[in-house]
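Shown next, in structure tokens, is the structure this report addresses.
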Amino acid sequence: TRVGTHLEITMTAQALATSPTQDELIQRARNMIPDLRELAATHANNRRISAEVIEKMNQAGFFRVLQPKRWGGYEMDPSVFAEIQIALAEGDVATAWIYGVVGVHPFQLALFDDRAARDVWQQNDATLIASTYMPTGRATPAEGGFRFSGKWKFSSGCEHCQWILLGGLVGDPADGDYRTFLLPSSDFQIDDTWHAMGLKGTGSQDIVVKDVFVPDYRVHNMADAYGGESPGNKVNSAWLYKLSFPLVFGRAVTNACIGGLQAMLDAFLDYGAKRVGTTGAKTANDPDAQLACAEALCALDEMKATLHRNYSVMFDYAKRGEETPLALRLQYKYQSAAVADRCIDIAAKLFRCVGGTFGRLYQDLLAARQHVSNQSQVSGRNFGSTLLGLDNNDSQI
């Protein structure tokens, strides 16, 4: 224990001495936009983000934003995380998607028993973690932990990660005992299956696990995460880790949509201002194009404002040691999920005005919409039902 404590104190001192400011981190992300735009097609063709881009993001400190200071992280607001992700998406939506998914995992690892964090970060606090939360794993209790097996789809960026978080059910699936299992790369196999319509560069491969042992301290009961009473809260006591896990994770898969729509608007304004269609008509004179530009800009402004307003309210509650009221949590989940639909609707109007241009960006937004956290009709119906006096049916909120 003495050695571990000394190590953590050393890490904290180094993190405090070297941590960049929030503005510096966001500017580093904005500085990557031109290069990412050049690389976006290559990433799509290769079906994965390059190791060089992952390393640049690591060196820039992006993956440390939500990581505890005691493990070399910056312990910053998720709003900073969002601004970084939005900026990266303006360059390449697939890169931003990877950042959102992989970059949010330090937040969850901070909720695990602290021995799990030691396993991942004690030797290298820049170690990255992948995930796929689909509850397709099956766990059988064993002495000191669980025997665990399964196959999962859609593990974005897994080829760049040394550990993984996998969703699974303990015992009879009908009991709904849903947990997250943390495994090292030696315990899982990557099945190269990612041939997708959009987000091609994310390398969201299948994961296979065949009867491995997972110690109980590397298992996170998701009921604890939803209830704000995780083992890690005892040592990671900062207000950041009191925020609702589903709301922090949900934004990590919608922020990229905002940046993707911004990228599409930027490209449209540059291209459309000079474009002359096959009939000789200028796009700049097209009333539908004009309206689509205005709508896109205002929608982006509103979605960003809502994002930061919602986080600000949650921050205030967390800093007071209080839970954000259920009514607000339901509203915020729906507003997060609705981002993908809204971005697609507006992107479609831009897309129609310039023929087949910007197809990759549009496809990325369509693919992003398919994530379970972006199914706005589900969270919207539940939220609306509570407004009508019915009970909340979302166990995650």
Closer than 3.5 angstrom, by distance alone: can the side chain of [X] be matched with the main-chain N or O of [Y] as a donor-acceptor pair?
X      : Y      : result
Asp172 : Ala174 : yes
Tyr217 : Asp114 : no
Asp77  : Ser79  : no

Inset, instruction - Please find out if less than 6.0 Å separates the ring center of Phe213 from that of Phe146. - result: no
Inset, instruction - Could you tell me if the ring centre of Phe249 sits under 6.0 Å from that of Tyr133? - result: yes
Hey, are [X] and [Y] close enough for a salt bridge, meaning a charged N less than 4.0 Å from a carboxylate O?
X      : Y      : answer
Arg342 : Glu302 : yes
Arg369 : Asp345 : no
Asp288 : Arg352 : no
Asp23  : Arg30  : no

Inset, instruction - Give the cluster check for Leu326 versus Leu387: same hydrophobic cluster or not, with ILVMFWY residues linked at side-chain heavy-atom distances below 4.5 Å. - result: yes
Short side-chain donor-acceptor distance under 3.5 Å, [Y] and [X]:
X      : Y      : value
Gln335 : Asn310 : yes
Asp266 : Gln262 : yes
Ser156 : Ser204 : yes

